[in-house]
Structure formats: C-alpha cells, structure tokens
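For reference, positions follow the sequence shown, starting with 1.
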Amino acid sequence: MQNKWYKWIVLFIVQWMVWKLLFQFSTFIDFWFNYPYQLYYKIIHSITSGVTIPMGEIFYGLFIIFILFVFIQCIRSQSYRYSLNLCFKVFTYILLWYNSVWGFMYYKENFIVEKQEINPEILKELYCEALEQAIYHRESFNASHQPIKFKVSTNDILSEFGTEQYAIQHEKWIKNYHFIEQPIVKLSFISSLMNHLGILGYYNPFSIESNINRNNTDLKHAYTINHELAHQMGFSSENEANFIAYYLSHQSKFSEVVYAANYKLMFSILSALSLADPLFVEFQLNQLPESIQNDRKGEIKYYQQFEGKTSEVFSEMNNQFLKANNQEGIITYSKYIDLVYYYKTKKANP
C-alpha cells in the first residue's frame with residue numbers, strides 16, 4: 001500500500017512537470033488546440049448543448065460528495081494511506097483532464113500585438129468617446145434618470161452573438177480560436193453563492209458550458225454572456241475574453257448592449273488613469289450625467305450587499321489561480337484596456 005502511495009504522488013508531480021515543459025512549445029499548443037481539443041469540444045458540446053441545465057455543476061456536486069465520502073471513510077477506518085492513495089489517484093486523472101481541455105489554453109497566443117506604451121492623453125480621448133456613446137445609447141432606450149431596465153432578452157443576445165462572432169475573422173491580429181455553432185448560456189444552480197463570491201459567470205471547460213449568475217443586474221448580464229462565450233471560443237485569458245466581449249458588444253444592434261459595453265469601458269479607463277491623472281478621474285466622476293450616476297449608484301448598492309470575507313477569500317483564491325495559469329492575477333480582468341487601446345489606435349492608424 002505504501003508503494004502505491006508513492007507511485008501516485010510521483011505520477012502527479014511528474015505529470016505536472018511534463019505539462020509545464022510541453023506548454024513552452026507553441027507547435028505543441030497549436031497542434032493540441034486544432035486536433036485533440038477540437039475533437040473533445042465537438043463531442044462534449046454536442047451532448048451538453050442539448051440540455052438546459054448546467055451538467056458541469058452536477059459533475060462538481062458529485063465530485064464534492066466523493067471527496068466527503070473519502071474523508072468520512074478515512075476517519076472511520078483510519079486507513080489514511082489508502083485514502084491518500086485514492087485522492088492522489090483521482091487528482092492525477094483530473095490534472096490530466098484539466099490540462100488537456102483547458103490548462104494548455106493559457107499558453108496559447110491569441111493576439112499579435114506590438115508592445116507599446118499607453119499614452120494617457122489618448123486614453124482620455126477613448127474615455128470621452130465611450131462616454132459619448134454611453135450617453136447616446138442610454139437615451140435611445142431610456143431617456144429618464146430612473147434606473148435602467150433592459151428590454152433585450154438573453155435569446156436576442158445569443159442570436160446576435162451567433163452571427164456577429166464571425167466579424168472577428170476580419171481582425172488578422174486575432175488568431176487561434178473557433179466559432180460556436182450553438183451559442184448557449186445556462187443559469188447556474190449556485191447563483192446565490194456566486195453573489196457572495198463576486199462571480200458574474202464562469203466557463204466550465206470540462207462540460208463545455210458557459211454558465212452565468214441568474215442574479216446579475218441588466219448592466220452586467222449582456223456583457224457577461226459575451227465574456228463567457230468568448231472563453232468558449234478559445235480565449236482563455238480574462239483580458240482577452242473581456243476584449244472579445246467588448247468587441248462584439250460595442251457594435252451590437254441593441255442599444256442596451258452597446259450601453260453596457262461603453263459603461264464598463266468608461267470606468268475601466270478611469271481606473272487605469274487613476275494613478276496617472278487622479279484629478280481628471282475625479283472631475284469626470286463628478287461630471288457624469290445624472291442618469292449614468294444613478295445607474296452607477298444602483299450597481300454599487302446592489303453588489304455591496306454581497307460583499308464580505310467570503311468574497312475577499314474567493315478573490316484571493318482566484319488571484320492565485322490566475323497567477324498559476326500564466327496570467328497576472330485578478331488585475332488581468334482590467335488589462336483588456338491594453339487591447340482596446342491597440343484596437344482603437346490601430347483603426348486610427350492602419
């Protein structure tokens with residue numbers, strides 16, 4: 001029994017090291033994405049896309065039950081070596097599964113972007129452009145100062161995504177992705193828990209499912225759908241998924257979707273400018289139109305009720321997870337500004 005214990009812990013460590021080595025080779029990443037992964041994607045997606053409930057969450061639930069069962073058995077029988085052997089055996093297979101269907105994605109190059117310094121003055125121009133667009137589109141569907149209520153439905157957003165996703169192929173600086181034949185999002189069973197963890201949605205790579213928090217505000221709903229579907233297209237990094245969500249949302253035919261995209265972009269830019277020019281940021285926040293100020297106050301008030309230690313702990317866990325997967329941590333979410341900046345300046349200077 002002791003030999004088995006050492007066998008599985010050694011296999012776990014060796015496998016982790018082999019994957020890390022393979023991840024350094026772009027030829028391996030490209031091959032894995034275009035062949036083994038595509039086969040897995042087509043098979044699993046054809047199964048889960050036909051079911052309205054999040055199958056991946058059922059899998060997670062069963063896995064938690066299994067872990068609890070092993071833990072209880074360990075206490076009852078005091079067979080610690082057997083239980084540890086079983087756990088490491090399971091985690092070895094899960095590590096293999098995870099890296100095969102998602103871990104390698106964090107090392108895949110999706111954007112060919114030249115390194116450049118961001119000019120704060122140009123960033124301010126982008127902010128003013130986003131603000132102008134936000135004001136225009138908000139007034140087009142709600143001219144009052146009352147909190148907004150979107151009329152666009154989830155099916156409208158999914159239908160548009162199914163068509164507009166192909167626009168990305170015109171951007172030659174974006175590569176290594178695939179299109180989704182049946183865009184679908186599922187309402188998570190654990191939405192109440194997600195509220196307290198600060199999760200708007202997540203992509204389940206095992207079951208090929210984009211899951212969203214059913215309790216999201218209207219301002220977060222459309223953008224979150226496009227963000228999670230961007231993950232499903234093969235954009236694993238959070239800043240990349242955020243950019244694809246912006247790219248598709250800001251040219252939507254639905255004013256609500258365009259408003260949500262520019263609303264997020266505005267405050268992301270102000271956050272990026274907070275160190276370079278805090279006076280500009282303070283001035284702009286004070287000068288926001290009353291309607292947008294009310295929307296912002298409503299968003300803050302709604303999400304503040306879920307803040308607490310649980311949210312802080314999960315945020316740090318997410319931060320460490322992202323760092324372990326070739327990203328910069330939770331700051332990665334806001335780094336999509338770099339891609340928006342490149343996209344906008346590239347259009348201005350082709």
Side-chain angles (χ1 to χ4, degrees), residues 118-154 156-157 160 164 198 200-201 212-213 215-227 239 242-307 333-341 343-345 347-348:
I118 293 183
N119 185 333
E121 297 306 313
I122 296 179
L123 208 54
K124 291 176 185 177
E125 293 176 11
L126 295 181
Y127 167 80
C128 293
E129 178 185 326
L131 174 61
E132 182 180 343
Q133 287 291 310
I135 293 173
Y136 171 79
H137 285 282
R138 193 192 189 286
E139 290 181 349
S140 68
F141 69 89
N142 188 339
S144 73
H145 298 318
Q146 299 301 314
I148 56 171
K149 186 68 177 176
F150 285 8
K151 295 180 180 178
V152 62
S153 69
T154 297
D156 290 333
I157 298 167
E160 183 176 64
E164 293 301 319
L200 302 176
I212 59 173
N213 185 337
N215 301 317
N216 287 341
T217 61
D218 284 354
L219 265 174
K220 296 287 195 297
H221 184 69
Y223 201 92
T224 300
I225 289 175
N226 286 335
H227 176 99
N239 65 321
N242 259 345
F243 172 77
I244 297 300
Y246 166 78
Y247 180 87
L248 296 177
S249 299
H250 91 286
Q251 51 193 357
S252 170
K253 65 182 178 182
F254 300 107
S255 288
E256 297 98 322
V257 177
V258 180
Y259 173 61
N262 283 286
Y263 177 92
K264 178 177 175 61
L265 181 61
M266 284 167 45
F267 291 108
S268 296
I269 291 176
L270 289 180
S271 178
L273 286 169
S274 59
L275 292 178
D277 196 338
L279 292 179
F280 173 84
V281 173
E282 182 180 2
F283 176 80
Q284 293 299 329
L285 288 174
N286 290 331
Q287 294 300 312
L288 284 174
E290 184 178 351
S291 57
I292 297 181
Q293 285 190 15
N294 288 339
D295 292 343
R296 182 167 180 259
K297 290 176 182 177
E299 286 283 292
I300 293 173
K301 182 179 179 180
Y302 177 76
Y303 286 106
Q304 272 183 341
Q305 64 182 313
F306 305 117
E307 291 181 354
Y333 287 94
S334 61
K335 295 285 283 185
Y336 87 104
I337 293 299
D338 296 355
L339 294 173
V340 173
Y341 183 92
Y343 168 62
K344 291 290 189 178
T345 53
K347 284 179 62 179

Q.
Looking at F280, I'd like to know if the NZ or CZ of K124 sits under 6.0 Å from its six-membered ring centre while staying within 45 degrees of the ring's axis.
A. yes
Q. Taking the side chain as C-beta and beyond, is there a heavy-atom pair between Y223 and L248 under 4.5 Å?
A. no
Q) So how far is it from K149 NZ to L219 CG, rounded to the nearest 0.5 Å? A) 11.5 Å
Q: Under the side-chain contact (heavy atoms from CB on, under 4.5 Å) rule, what do L126 and I269 come out as? Steps first, then yes or no, please.
A: CA-CA 8 Å; L126 295 181; I269 291 176; 4.0 Å; yes
Q) If you measure from the Lys or Arg side-chain nitrogens to the Asp or Glu carboxylate oxygens, is any gap between K220 and E299 under 4.0 Å? A) yes
Q.
Assess the residue pair E164 and S252 against the criterion (side-chain contact (heavy atoms from CB on, under 4.5 Å)); give the C-alpha distance rounded to whole Å, side-chain angles, the decisive distance to 0.1 Å, and a yes or no.
A. CA-CA 8 Å; E164 293 301 319; S252 170; over 6 Å; no
Q.
Taking the side chain as everything from C-beta on, heavy atoms only, tell me whether V340 gets closer than 4.5 Å to Y336.
A. yes
Q: Please report the closest heavy-atom contact between I292 and A134, naming both atoms and the distance.
A: CD1-CB, 4.2 Å
Q | Min side-chain heavy-atom separation K264-N242 under 4.5 Å | A | yes
Q. Does Q293 use its side chain to pair, donor to acceptor, with the backbone of L288 at less than 3.5 Å?
A. yes
**Q.** I118/D338 under side-chain contact (heavy atoms from CB on, under 4.5 Å): CA gap, chis, key distance, verdict
**A.** CA-CA 8 Å; I118 293 183; D338 296 355; 3.0 Å; yes
Q: State yes or no: are the ring centers of F150 and F141 separated by less than 6.0 Å?
A: yes
Q) Would you call the rings of F243 and Y247 parallel, tilted or perpendicular, where under 30° means parallel and over 60° means perpendicular? A) tilted
Q. Is there a side-chain contact between Q251 and Y246 (heavy atoms, below 4.5 Å)?
A. no
Q: Would you mind reporting whether L123 and I337 have side-chain heavy atoms less than 4.5 Å apart?
A: yes
Q) Is there a side-chain contact between S249 and V258, using heavy atoms and a 4.5 Å cut-off? A) no
Q) H137 versus E256: any side-chain heavy-atom pair under 4.5 Å? A) no
Q) Just by modelled atom types, is the V152 backbone N or O under 3.5 Å from a matching donor or acceptor in the D156 side chain? A) no
**Q.** Validation row: L285, R296 side chains within 4.5 angstrom (heavy atoms)
**A.** yes
